[in-house]
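Just so we're on the same page: letters track the sequence lines, and every chain starts at 1.
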There are 2 protein chains.
Amino acid sequence: MYRIGELAKLCEVKADTLRFYEKHGLLAPSSRSDSGYRLYNESDAERLRFILRAKAVGFTLAEITELLSIELDKSNWACADVKGLVDSKLAQVNEKISELNHFQVSLQRLSDACCGGPESAEHCSILEALESNTDNIKCENHAHHHDKSQYTKNCQSKG
Amino acid sequence: MYRIGELAKLCEVKADTLRFYEKHGLLAPSSRSDSGYRLYNESDAERLRFILRAKAVGFTLAEITELLSIELDKSNWACADVKGLVDSKLAQVNEKISELNHFQVSLQRLSDACCGGPESAEHCSILEALESNTDNIKCENHAHHHDKSQYTKNCQSKG
DNA sequence: ATAAACCTTGGAGTTTAATCTAAGGTCAAG
DNA sequence: CTTGACCTTAGATTAAACTCCAAGGTTTAT
């Protein structure tokens with residue numbers, strides 16, 4: 001039997017987190033001591049590890065609640081149900097990755113267009129790109145009046 | 001001059017969003033009508049578009065607040081400052097992408113190991129992977145006792 | 001004059017996963 | 001018998017970016 005702090009340390013979470021999981025129906029200690037302390041047994045610990053592994057692959061606690069209810073009643077669920085949860089999560093993750101990839105490309109383009117030097121930002125390509133509605137980012141090296149700018153290497157926009 | 005609903009429609013946001021931006025110091029109407037209605041001019045609209053473009057490349061409103069303060073006082077900032085904001089955002093985005101890529105790989109591996117059929121989840125590879133601490137995902141086709149399983153194609157784990 | 005569509009304000013609710021606080025009870029060691 | 005580490009509870013707070021609500025005032029058209 002583990003007290004809350006012991007299980008928390010064992011699984012590298014905080015005691016607060018375990019109380020939070022209990023309040024939200026994910027994990028309750030199987031018993032209490034006479035003085036009201038939570039007591040977790042090995043099977044509680046296994047359940048916690050299940051939760052933590054599911055978190056590690058990206059499931060939210062709400063989704064883990066679903067997984068746990070299947071886990072406790074496996075014979076009344078099909079593989080299709082379980083795989084459905086995984087695939088739906090996979091779709092969400094892919095969508096988010098795709099959004100972030102758009103950000104990545106846009107930010108990289110902005111970064112590449114800017115010399116990043118000590119010049120005044122008055123002609124900064126980044127600010128200009130955010131001011132105008134074009135996707136088209138202009139290189140700022142000319143505007144800075146540095147004929148032999150040391151930053152030319154940074155100009156990669158197709159103006 | 002635009003009333004709040006007009007500017008909202010023009011820029012495809014909600015009036016609530018404009019009030020929210022005002023409350024958070026991102027965009028205030030340049031005047032009010034006699035009856036207290038917000039009145040936005042063309043320069044307010046430009047500022048809103050700046051905000052929206054910055055959002056579209058992944059900046060948070062807090063970061064946009066910084067960008068706006070630079071934008072309004074360009075000559076006292078250097079390109080390095082602006083590029084710094086972009087690069088720091090880029091690093092955050094890359095980190096998040098990397099985390100999601102881990103999720104993606106793990107979820108795909110789980111999905112691939114599961115037949116996804118109408119079989120009982122009692123031997124579901126996904127649940128078994130979450131129960132045990134191995135990275136090693138076992139294919140469930142044998143466990144289902146389908147000698148000529150129609151799901152064999154889904155088994156791709158290296159058990 | 002009255003209905004519809006618009007606007008005002010302050011404040012509450014949403015989502016996620018904790019994290020923290022206050023005020024107090026329990027347990028083991030010295 | 002007191003100190004420190006641990007535990008209890010309920011409830012408040014955090015971040016982010018809105019979104020919605022109630023209760024009322026304004027504008028416009030008929």
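- Among residue pairs with one or both ends in residues 3-20 of chain A, those qualifying as side-chain hydrogen bond (donor to acceptor under 3.5 Å, both in side chains) are A:Asp16-A:Arg19; sequence neighbours excluded.
- The main-chain N or O of A:Gly84 is never found under 3.5 Å from a side-chain atom of A:Asp87 such that the two would form a donor-acceptor pair.
- Taking B:Ser30 as the reference, B:Asn41, B:Asp44 meet the side-chain contact (heavy atoms from CB on, under 4.5 Å) condition, with sequence neighbours excluded.
- Within residues 21-49 of chain B, the residues having any heavy atom under 4.0 Å from DNA chain D are, by residue number, B:Tyr21, B:Ser35, B:Tyr37.
- Within residues 54-64 of chain B, the residues approached by DNA chain D to less than 4.0 Å at the level of any non-hydrogen atom are B:Lys55, B:Thr60, B:Leu61, in residue-number order.
- In this structure, A:Val86 is a member of the same hydrophobic cluster as A:Ile70, with clusters built from ILVMFWY side-chain heavy atoms closer than 4.5 Å.
- Bounding nucleotides for the chain A contact on DNA chain C, 5' to 3', at a heavy-atom distance below 4.0 Å, are C:dA17 to C:dC27.
- Remark: A:Trp77 CH2 to A:Leu72 CG distance equals 11.5 Å, nearest 0.5 Å.
- For DNA chain D, the outermost nucleotides in 5' to 3' order that have an atom under 4.0 Å from a heavy atom of chain A are D:dC6 to D:dT9.
- Under the salt bridge (Lys or Arg N to Asp or Glu O under 4.0 Å) criterion, B:Glu131 pairs with A:Lys74, not counting sequence neighbours.
- Annotation: side chain to side chain donor-acceptor pair (under 3.5 Å) contacts of A:Ser43 (sequence neighbours excluded): none.
- Remark: A:Glu22 pairs with A:Ala28, A:Pro29, A:Arg32, A:Arg38, A:Tyr40 by the side-chain contact (heavy atoms from CB on, under 4.5 Å) rule, at least two apart or across chains.
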Legend entry - Verdict with supporting geometry, B:Tyr37 and B:Ile4, side chain to side chain contact (heavy atoms under 4.5 Å, CB included): CA-CA 8 Å; B:Tyr37 285 16; B:Ile4 196 168; over 6 Å; no
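- Using a cutoff of 4.0 Å between basic side-chain nitrogens and carboxylate oxygens, B:Glu99 and A:Lys96 are not scored as salt-bridged.
- Using a 4.0 Å heavy-atom distance criterion, B:Arg3 is classed as a sugar-phosphate-only contact.
- Scanning for salt bridge (Lys or Arg N to Asp or Glu O under 4.0 Å) contacts around B:Glu63 gives B:Lys89, with sequence neighbours left out.
- The ring pair (Phe, Tyr, Trp, His ring centres under 6.0 Å) contacts involving residues 11-33 of chain A comprise A:Phe20-A:His24, where partners must be two or more places apart or lie in separate chains.
- When each of B:Phe20 and A:Ala15 is assigned the nucleotide of DNA chain D bearing its nearest heavy atom, the one mapping closer to the 5' terminus is A:Ala15.
- Considering only residues two or more places apart in sequence or on other chains, B:Ala56 meets the side-chain contact (heavy atoms from CB on, under 4.5 Å) condition with none of them.
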